[in-house]
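None of these values were measured; they are calculated from a predicted model. Numbers restart at 1 for each chain; the letters A, B, ... are given by sequence-line order, proteins then strands.
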Amino acid sequence: DTKTSGSTLKKAKTRRSKRFLQSREPKLTEGQKSSMIIRGGNSSETVSQALKDVYALKKPNAVLYKRKNMVRPFDDSTALEFFSKKSDCSLFLFGSHNKKRPNNLIFGRMFDFHVLDMFELGIERFVSLRDVKTDTCPEGTKPLLVFAGELFETDREHQRLRNLLTDFFCGPRVSAVRLAGLEHVLHFTALEGKIYMRSYKVLLKKSGCRTPRIQLQDMGPSFDFVMRRNHMASDDLYKTAHRQPRGVKPKKKKNISHDAFGTRLGRLHMQKQDLDKLQTRKMKGLRKRRGEQTAETAAAAAKAPRTDE
Amino acid sequence: MASCSFEDVLAKAERDEAEKLKGITVSKELDLEFDPGNLLAFDKNRIDTREFKDCKREDFLRSLARDNTQLLVNEIWKLPTERVEEVLVAKLPDPTTLLPREKPAPKPKPPTKWEQFAKLKGIQKKKKTNLVWDEVHKEWRRRWGYKRAKDDTKEWLIEVPENADPSEHQFNKRNKAKKERVARNEYNRLKNIARAQKIKVPGMGLAPTPRQSKAELAQAVNVAKISTASVGKFQDNLPKEKTPKNTGKKRKFQPLIGDFSSEKQKQLDLLKVMDSKKPRLDVTKAVNKQMREEDMESRHKNKKDFGKKGRRGKMSGKGKAGGKGPKGKGRKPQMKQGKR
């Protein structure tokens with residue numbers, strides 16, 4: 001509950017400010033990431049509308065900075081890092097427009113308020129929410145995400161972009177989902193260096209069995225992106241960003257396995273046993289007497305399977 | 001009865017099943033990769049570019065999306081479900097795609113001085129009530145803070161104790177004691193933080209006290225002894241006194257004629273430094289200088305009006321030397337305050 005401003009360590013003076021600072025501290029399991037949507041120095045109608053649409057998709061965990069910000073993320077990312085620190089957002093979307101790079105969107109994410117990855121995508125074709133006159137799903141629904149195209153598997157940059165887009169659009173982490181509430185699907189297709197993003201409303205129709213038949217209805221913003229520059233984090237920074245604290249991973253109990261019927265099985269390890277000297281039930285009649293040893297051994301051998309239980 | 005054989009019945013059942021599942025089956029070359037925890041599906045199949053260009057693009061994409069979504073929904077419907085408040089809900093497993101964290105994992109804070117002591121002695125935290133009955137004001141007041149129950153600085157009448165100095169101001173005495181307690185608390189809190197972050201803080205040294213104990217006097221004597229130019233090396237001792245340990249200067253000079261090879265190496269290194277094109281940069285010093293300059297500038301900026309902001313040059317002259325220090329402070333960010 002101390003906030004460091006410059007070199008002085010101030011203590012939170014009210015309970016409200018203390019709660020605010022605690023919400024910004026690093027936690028063991030993190031909640032949903034907020035994103036900031038920033039308008040750059042010069043932006044066209046397309047870019048402004050695109051930013052507004054993505055903001056509508058990502059409400060309420062997004063902040064939209066509508067005024068012009070003279071920032072060049074690829075040259076100097078300190079301004080972005082400052083914004084991120086002030087608004088506690090780790091995802092950002094920066095939109096700008098100039099002659100060299102028309103209708104430019106930069107998707108990016110931060111780790112510890114320093115830029116981790118940035119991908120610059122140019123909008124070639126854009127259909128806004130306003131132009132598609134169908135009803136949309138409520139704000140804050142967790143969307144279904146589908147990525148198509150072998151480029152997302154083979155090309156390293158596309159792999160990272162897929163991870164970034166998942167991070168950006170995935171929404172809060174939930175333990176259960178209402179089956180009737182799966183209304184929104186975002187579909188990304190990678191083809192020949194271009195990425196087609198479409199957003200559909202899911203209609204669940206009756207089919208013969210329990211699982212419904214899907215029908216899709218055009219909804220929401222649709223983009224045709226072209227890959228431009230990118231800045232990917234180095235491998236060790238990427239690995240550091242993934243490091244989970246000790247408390248989170250549940251300790252796996254060893255030696256428990258389940259067979260096909262669902263019975264729980266485990267393995268017992270025994271020391272070597274001398275079967276001759278096994279402790280079994282004492283049958284006084286079978287005790288060896290001195291005179292009758294030869295006859296007794298034969299009888300004992302016959303009786304052994306019955307006594308050994 | 002004999003006409004319908006066992007195999008026929010089975011075949012008919014299979015056909016019925018296939019009919020039922022016709023609505024939801026999708027055939028693909030490669031199976032999709034699913035991550036139901038994130039409601040994510042990944043289709044690795046090759047997309048026929050000819051088909052993409054031939055038919056209308058949107059229809060092709062929509063049908064592809066429909067197939068993939070159907071497979072994803074099939075996968076989600078396989079998950080265990082339960083009824084929560086009249087709503088059917090599917091329980092999602094943990095997400096399998098590894099997403100990076102937002103901030104690094106929090107390190108467990110080391111215990112403070114009091115916590116260490118409490119653990120050692122086995123002292124448990126006792127839960128206390130929020131409000132305490134104040135007899136004087138005859139109401140419930142909070143235990144500490146603003147308008148608390150027993151606030152001795154707020155008393156309107158203080159009896160002067162018998163052994164006290166009559167000219168002493170009792171009210172001021174209580175106020176001063178409170179200020180000292182607050183200062184001591186703050187000092188201890190900062191010391192706890194420094195200990196947690198393993199920052200070395202110089203000790204307090206000798207605090208001014210009216211009456212010094214034996215240990216404090218001994219410490220004062222030692223400090224006085226080593227505060228000479230030669231750090232107490234030539235100070236005389238009293239008959240049975242021991243010399244303090246940290247006397248004598250800490251710098252040591254090399255002898256005039258000593259190790260030739262090390263001397264040669266030192267001279268060569270010096271020449272190399274003088275010869276190199278790069279300036280010798282003490283990064284910490286440069287960054288500190290830069291930071292101080294920026295603080296000064298921001299302070300001046302606050303005093304001037306906003307209109308003049310744009311006209312002033314943003315680059316400070318010494319900015320180049322600082323360069324990209326450890327904090328990466330190259331150019332000053334344009335938008336420290338304001339416009340968004």
> Please, which pairs that meet side-chain hydrogen bond (donor to acceptor under 3.5 Å, both in side chains) have at least one residue in residues 161-171 of chain A, sequence neighbours excluded?
Replying inline: A:K33-A:D167, A:R109-A:N163, A:R109-A:D167, A:N163-A:Y238

> Taking only residues two or more places apart in sequence or in another chain, which ones pass ring-ring contact (aromatic ring centres under 6.0 Å, His included) with A:Y55?
Replying inline: none

>> Strictly below 4.0 Å, N to O, side chains only: are A:R160 and A:D155 in salt-bridge contact?
In response: no

> Is any side-chain N of the basic residue among B:R62 and B:D67 closer than 4.0 Å to the acidic one's carboxylate O?
Replying inline: no

Heavy-atom pairs under 4.5 Å with chain A are the metric here; pick the option from [options] that has the most.
options	result
B:D94, B:L39, B:V73	B:L39
B:K91, B:K78, B:E33, B:K44	B:K44
B:L71, B:T97, B:L72	B:L72

> Would you find more than 12 non-hydrogen atoms of other residues, nucleotides or ligands less than 6.0 Å from B:K178 atom NZ?
Replying inline: no

>> For the CZ atom on B:R46, are there more than 12 heavy atoms of other groups (residues, nucleotides or ligands in this structure) within a distance under 6.0 Å?
In response: no

Count the heavy-atom pairs under 4.5 Å between each of [options] and chain B, then report the option with the highest count.
options	answer
A:G149, A:C170, A:S207	A:G149
A:D112, A:V146, A:V177	A:V177
A:H242, A:Q215, A:R243, A:R39	A:H242
A:T240, A:L191, A:V185	A:L191

Does any backbone or side-chain atom of [X] lie under 4.5 Å from a heavy atom of chain A? Answer side chain, backbone, both or neither.
X	result
B:L88	both
B:N45	backbone
B:V87	side chain
B:L64	both
B:P95	side chain
B:E82	neither
B:S63	neither

Going by atom types alone, do [X] and [Y] pair a side-chain donor with an acceptor below 3.5 Å?
X	Y	result
A:T211	B:N74	no
B:N185	B:N188	no
B:D35	B:T96	yes

Given that the side chain runs from C-beta out, which part of [X] has a heavy atom under 4.5 Å from chain B: side chain, backbone, both or neither?
X	answer
A:F152	both
A:P143	backbone
A:E81	neither

> For the rings on B:F42 and A:F147, is their centre-to-centre separation under 6.0 Å?
Replying inline: no

> What do you reckon, are the aromatic ring centroids of A:Y196 and A:F225 less than 6.0 Å apart?
Replying inline: no

